[in-house]
Amino acid sequence: MFNQRTKIKELLQKGQAGETVTVMGWVRTFRNNQFIALNDGSTNQNIQVVASLGDFSDDLLRRLTTGASLKITGELVVSVGKGQSIEIKAATIEVLGDSDAEKYPLQPKKHSLEFLREIAHLRFRTNTFGSVFRIRHALAFAVHRFFNERGFVYLHTPIITASDAEGAGETFRVTTLPMDGTAKRTEAGAIDYSEDFFGKSTNLTVSGQLEGELGAMAFGEIYTFGPTFRAENSNTARHLAEFWMIEPEMAFHDLEDNMNLAEAFIRYLIGYVMEHHADDLVFLDQRLAEEEKQKPQQERAEMGLLEKLRFVMDHPFERITYTEAIQILLDSPAYKKKKFKYDVAWGIDMQSEHERYLVEKHFKRPVIVTNYPAKIKAFYMRQDDGCEPGRETVAAMDILAPGIGEIVGGSQREERLSKLENRMHTMHIPAEEMSWYLDTRRYGTVPHAGFGLGFERMVQFVTGMTNIRDVIAFARTPRSCEF
RNA sequence: UCCUCCUUAGCUCAGUUGGUUAGAGCAUCUGACUGUUAAUCAGAGGGUCGUCUGUUCAAGUCAGACAGGGGGAGCCA
């Protein structure tokens, strides 16, 4: 009966001296041949188990090594020592699994995040990754709660798709055709995908948005939350080849409704974690503060983690148009002193140095930039009416967060069939393959909007982890697919 | 993909103008101690210096290629 165990988190919150309890977990340290710091993953806090001198054999005590798993039964008592209020006086100790201390890679000492990345299968057992992944879980749960409270339908859009129409990036091909060059060819010499599993060329999804729109045209409000794949050769601390994305899509919403929802959503997620995982946030706040101390003064973040999260909770995001953003950059001391590597002019796709300037230097808070030039945005974004010729814009919005960059990208969608078809034509999007998408505009089209939020970037923002590989359990990046 | 830095013990790092037997802290092991908090004290074991090629009487040290990693950029979420 393993289920008789009490979780350590519960024990530390509600445990009363005098109770007999059973705990199970992994040894973090074993001090002085008497004191076991036991952790079961329910919290970063360990329970101290006292193996009183003489109560246990030397053979058993020798097996209480870092990383070993134990089942312990004993009485909860008020601690004589200073570090904890209660502890367990062990009556029985059973070693469930030994751990050779000479080989076990996690030592009772500080490890670098780079080293822990190499042993990602064991890093959950550290305080940092314990906190990060409990918070990741809480954020995922809060995503569903937020949308469920608002009547959104969770739509599972496909992982394997045939369309690459969005042009969101390079795709991973899905095929069962032989890779040895014997696949049948068409007369033109191209690989004949009619012979493939699905009878056509298919790939892993880069976005569930288009399918999401189909759902919104019936349920009103839907959201997707699933894995997304990009075969981009991106080697940065902000990109993964496999990541999770949340994409709500709402009928009867315009750009402003969209922004309001996105902002409320982000605040809700942060609030949920602050309420339910305060202890993990405090730990990560201290961890980040330690890390910041190692950096030169100039590179240090202006706010600590908790300070930043509280600030975001208390202050509305800044909202500016793309045109205003460009003007701010042109007027900035940085521009006048030629500090930017890339030039600024209306029509450019803003570089990360420009976005960082707006967010981290000028406004010092999250910024929503709207109404981008049509030329640099996707075909499905709604064309703004009454634009000056040559300055056509679309109802797009990006939310830029300090330290992360773009955390949300969204838009009001083009619901007018002829305008959408014209745009697809000029952008060379094959309308005939997208007939199913255009049907939503043919039959009962409505103004609608939606956005995508990169889940890992949100986890980064809330945990303060600077490398995206440290907020997903097993990162997939170019030339790296371990575990 | 580009720029840049790095790769020496299980981990984090020193290693002088190229020169004999490559060091430290932590971890591990052994012993001591026994209310400890990443315990403490004493001792011990542990390294083909990322790989290959070259320069040289001599390479951890110099050069090149490759591999892996960090930071930045591009692309983006």
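Residue numbers begin at 1 in each chain, while the letters A, B, ... track the order of the sequences. Note that the structure is predicted; figures quoted are calculated from it, not measured.
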| remark: The contact string for nucleotides 24-32 of chain B, one letter per nucleotide 5' to 3', using protein heavy atoms under 4.0 Å with B, S and - for base, sugar-phosphate only and none, comes out as -BBSSS---
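- Not a single donor-acceptor contact under 3.5 angstrom links the side-chain atoms of N33(A) to the base of rU36(B).
- Applying the 3.5 Å distance criterion, the base of rC76(B) shares no donor-acceptor pair with the side chain of S234(A).
- What separates NZ of K82(A) from C1' of rA38(B) is a distance of 18 Å, to the nearest Å.
- You'll find a donor-acceptor pair under 3.5 Å spanning the side chain of E87(A) and the base of rG35(B), going by distance alone.
- Salt-bridge check for D55(A) with K89(A): passed, with a basic side-chain N closer than 4.0 Å to an acidic carboxylate O.
- A cation-pi arrangement is present between K308(A) and F461(A), with the terminal nitrogen or guanidinium carbon under 6.0 Å from the aromatic centre and inside a 45° cone about the axis.
- Cation-pi contact between R150(A) and F146(A): present, with separation from the ring centre below 6.0 Å and deviation from the ring axis of at most 45°.
- The OG1 atom of T236(A) sits 7.0 Å away from the CZ atom of R469(A) when rounded to the nearest 0.5 Å.
- In this structure, CH2 of W244(A) is placed 20 Å from C1' of rC76(B), rounded to the nearest angstrom.
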| Nucleotide pairing, RNA chain B (Watson-Crick or G-U, distances under 3.5 Å), in dot-bracket with [ ] and | | (((((((..((((.....[...)))).(((((.......))))).....(((((..]....))))))))))))....
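- With rounding to whole Å, M350(A) atom CE is found 16 Å from rC75(B) atom C1'.
- Between the CD atom of E482(A) and the NE2 atom of H121(A) there is a distance of 10.0 Å, given to the nearest 0.5 Å.
- Applying the 3.5 Å distance criterion, the base of rU36(B) shares a donor-acceptor pair with the side chain of Q84(A).
- Judged purely by atom type and a 3.5 angstrom limit, E292(A) uses its side chain to pair as donor or acceptor with the backbone of A301(A).
- Panel note: side chain R136(A), backbone V471(A); a donor-acceptor pair is recorded below 3.5 Å.
- Judged by distance alone with a 3.5 Å cut-off, no donor-acceptor contact links the side chain of H111(A) to the base of rC11(B).
- No donor-acceptor pair closer than 3.5 Å links the side chain of N203(A) to the backbone N or O of T171(A).
- In this structure a side-chain-to-backbone donor-acceptor pair under 3.5 Å is missing from R319(A) to V367(A).
- Residue side chain T236(A) does not reach the base of rG71(B) through any donor-acceptor N/O pair under 3.5 Å, judged by distance alone.
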